[in-house]
Structure formats: structure tokens, C-alpha cells
Amino acid sequence: MRFLPTEEQTDFARAVRALLAAADVPAAVRAWAAGDFAPGRAVWKRLAAAGLFAPAAPEAYGGAGPLPVELAAAMVEVGRAGMPGPVVETAAAAVLLSRLEGGPGAEAAARFVPRLVAGGEAASLLLPGGGPYALDADAAEHCFTVDAAGRLRAYGGPHPVGVEAVLRSADPARRPARLAPGGGEVPAAGPAVLAAARTAGDWARLLTAAQCIGVGEALLERTARYARQRTQFGMPIGAFQAVKHRLADSLLALEFARPLVWAAALSLDAAEIAAAKLAAGGAAYGAALTALQVHGAIGYTEESDLSLWLRKARPLRDAWGTPAECRAVVARSWPHARRGAPAP
């Protein structure tokens, strides 16, 4: 059995990597953290034009999907480049809306999804159980929220997003926003919205796991290069066993997490997605700790590009499912949990 991405999937990821490599993403990240969204949105529009969000929506809405494996592969490259903005949330919003069939929900999908997929417009997303804040709501054209009663609210256009406050994050380029209650329009409500929200939440968790893989790879690559360059006692620090072991542990964690992400993208099973997120988030955070130990405090300074990835690792580990939440999902999927027996 050949459990590897296909040539088309690899080509898609390679195209996203080339586009991001040609852009000055670190400068866009710093500008985004300062509230200047123009450089990041310029890269965003090029990504949308290249089809980054197409796998999130079916052809009826201008997409090419649903193709979760392709989108996960692209999100690895987004994480590797450190791209700012609600990339995962925009893709998950397209998933949410495109699953609303019939009546006002379908009208909302036809109105919004093509603009998210190919129009270069960004969306923030707030779902039940997804956390209390809407990421980058002040930078997005749209914001979609679903409450526990299944009411979908859409902000944007004549219904501007009511942002009460933008809070600080460990990653300055992540801008969690607290929304004002009420407002927006309610294009759909009911059990179908809640079902679509659960699916969108699973996609958001999967794509965040893929992003974690990319962040971990970027950190490990930069740390290994630094270990070969910096010398101590007349030799590169990468020659010391203690440094080798840390780098090897980080590499193994990433390599063990990667097939879990691909398997979860193939199955879209909630428990497999949670397991992938748990492993990928832990691997990225471990790579960040290794990078900081090898670089020392210089790696955390504002002047160092490494800090842009260091500060992403922990927020991404906790986004769309903390380790504890992911463990709970996995535990509930065990056979003894389904039978109602106590966990061992």
C-alpha cells in the first residue's frame, strides 16, 4: 500500500510553497502584528487566485472540492511560511456555508462562498466549542458565528463586525477579538446549521494540525542550520550529542505526527482528527522548545525571524482544540467509552 500524497497533491503544495517563498512573508507578519494588514492581504489575494481555498468548497460554489488532503497539504506550507491571517478560519467558513442546503442557508452559501474561495476575501469564524474569540475579526471582510441554538450570524457588508476588543496573544500576529453581542444577519438556523458547524469545526482542527506540521518543520530547519553554523570549543554545536538528541526528538515527533494528519484528512473522523491535532500540536511546540534551547535568548528577540515561528507554536497547539480537549475526543472514541464503561 502506497500511503503517500499523489503527484497532483504534491504539485499543489509545491505551488503554494513557491508562491509564499516569492513573497516577503516575515515583513507581512510584522506589519499584521502592528495593525497594517495591507502586505498580508496582498499575499492573501495571490494565494486565493492560485486556488488555496478551492479544495474547501464544491464546484457549484467555484471550488474544486471537497478535497481535505489537498487543503491539508497546502496548510502545511502556510504554516511553514508563517502566513498571518485567518487562513484556516476562511477555509472552515467555506466548508460551513457550502453544507447548508435549501432555503436561506443555500442563498447565503451562494452569496458568500465564491467570494471566500476565489475573491480573496477573508472570514473569521466562531463556532460552539471553538473558543470564545474570533481570530482577526478586525482584519476580515466577513465574520460568521454559530451559537449553541444553531443560529448562524453573518457580519460584513451592511452588517459590519462589532469588535469590542482585540486581545493580545503570545503570537503578536494572532489577533483574537471579542465580538459585541447580537448584530449581523441570521441567514439560517436550526439543526442543519449545528451539523454543518460540527463539520466545519473538524476541518478547522485538521487544517490547524497541518499548519502545526509546517511551523514545526520551519523551526527544525532553522535550528539545524544554526547548529551547523555556530561553533563552541572549536566545533559546531550540532556536533554535541545533547544538541543532536534534541533535534532528533523534534524530527521524530514531526514524522510521527505527519501520517496522522494525512489519515485524518482521508477519513475526516473526529477522533482521528483530534489525535492528529494532539500529535502535530505537541510536535510543533516541542520543536519550538528545541529551537529556543539551541538558539538561546537571541531566538526570541524581535529582530530574529525565528521568533515569528517560535511565537506561533503554542497558540496553534491550543487553537481549535487544546491538548486536553483533543484527548477527551480520542478517549470518547474508545470501545469501552462507547459501551459506557469507565476509562482505564
Side-chain angles (χ1 to χ4, degrees), residues 5 9 12-13 16 47-48 51-79 83 85-101 105 108-109 112-113 116-117 122-131 134-136 140 142-146 152 188 192-214 257 260-281 316-322 325-326 329-330 333:
Q9 291 163 349
F12 182 54
V16 172
L47 286 170
L52 174 63
F53 300 106
E59 293 182 7
Y61 298 114
L67 299 171
V69 177
E70 283 78 356
L71 192 52
M75 286 297 168
V76 171
E77 302 305 328
V78 168
M83 179 68 190
V87 185
V88 164
E89 288 70 20
T90 299
V95 171
L96 167 70
L97 294 167
S98 63
R99 276 159 175 72
L100 300 179
E101 298 180 358
F112 291 115
V113 175
L116 299 178
V117 170
S124 187
L125 186 64
L126 191 59
L127 300 178
L135 181 67
D136 295 313
H142 309 281
C143 181
F144 302 98
T145 69
V146 177
L152 168 68
V193 174
L194 284 175
R198 285 192 291 271
T199 300
D202 286 341
W203 276 67
R205 182 170 288 176
L206 168 68
L207 300 181
T208 303
Q211 211 173 355
C212 286
I213 294 291
L260 293 180
V261 172
W262 301 142
L266 284 170
S267 71
L268 290 181
D269 177 77
E272 291 195 15
I273 291 172
K277 176 61 167 46
L278 182 63
L316 282 177
R317 184 197 70 176
D318 295 342
W320 293 105
T322 64
E325 290 168 345
C326 291
V329 173
V330 174
S333 73

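- In this structure, CG in L316 is found 11.5 Å from CD1 in I213, a value given to the nearest 0.5 Å.
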What side-chain donor-acceptor pairs closer than 3.5 Å can you find for residues 192-202, not counting sequence neighbours?
{"from": "T199", "atom 1": "OG1", "to": "A195", "atom 2": "O", "distance (Å)": "3.3"}

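- At a threshold of 4.5 Å between non-hydrogen side-chain atoms, the residues L126 and C143 do not count as touching.
- Taking CG from L52 and CD from E70, the interatomic distance works out to 12.5 Å, rounded to the nearest 0.5 Å.
- Contact of the W203 side chain with the L71 side chain is registered, since non-hydrogen atoms from C-beta on lie closer than 4.5 Å.
- Listed here is the closest heavy atom pair of V113 and S98: CG2-N, 4.0 Å.
- Taking each heavy atom of A74 and F12 in turn, the nearest pair found is CB-CE2, 3.7 Å.
- Residues meeting the side-chain hydrogen bond (donor to acceptor under 3.5 Å, both in side chains) test with Q211, sequence neighbours left out: none.
- There is no side-chain donor-acceptor pair under 3.5 Å between W320 and E325.
- The nearest pair of heavy atoms linking L260 to A275 is CD1-O, 4.1 Å.
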Subject >> Full working for side chain to side chain contact (heavy atoms under 4.5 Å, CB included) between V76 and V261 >> reply: CA-CA 10 Å; V76 171; V261 172; 5.7 Å; no
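- Here the straight-line distance linking atom CG of L152 with atom CG of L127 works out to 9.5 Å at 0.5 Å rounding.
- When side chains are defined from C-beta on, C326 counts as touching R205, because their heavy atoms get closer than 4.5 Å.
- Looking at every heavy atom in both residues, V69 comes nearest to W262 through O-CZ3, 4.2 Å.
- Two residues are said to be in side-chain contact when any heavy atoms from C-beta on lie closer than 4.5 Å; M83 and L47 meet this criterion.
- The shortest side-chain heavy-atom distance between P66 and R99 falls under the 4.5 Å cut-off.
- Two residues are said to be in side-chain contact when any heavy atoms from C-beta on lie closer than 4.5 Å; L97 and F144 meet this criterion.
- Side-chain atoms of K277 come within 3.5 Å of backbone atoms of A319 as a donor-acceptor pair (strictly under, hydrogens ignored).
- Nearest heavy-atom pair across C212 and A280 is CB-O, 3.6 Å.
- Looking at heavy atoms from C-beta onward, L135 lies out of side-chain contact with V88 at the 4.5 angstrom threshold.
- Across all their heavy atoms, A123 and L116 have their closest contact at CB-CD2, 3.8 Å.
- When each of L207, L206, V16, T208 is paired with M75, the side-chain contact (heavy atoms from CB on, under 4.5 Å) condition holds for L207 and for no other.
- In this structure, V87 and F53 have side chains that are in contact, with non-hydrogen atoms separated by less than 4.5 Å.
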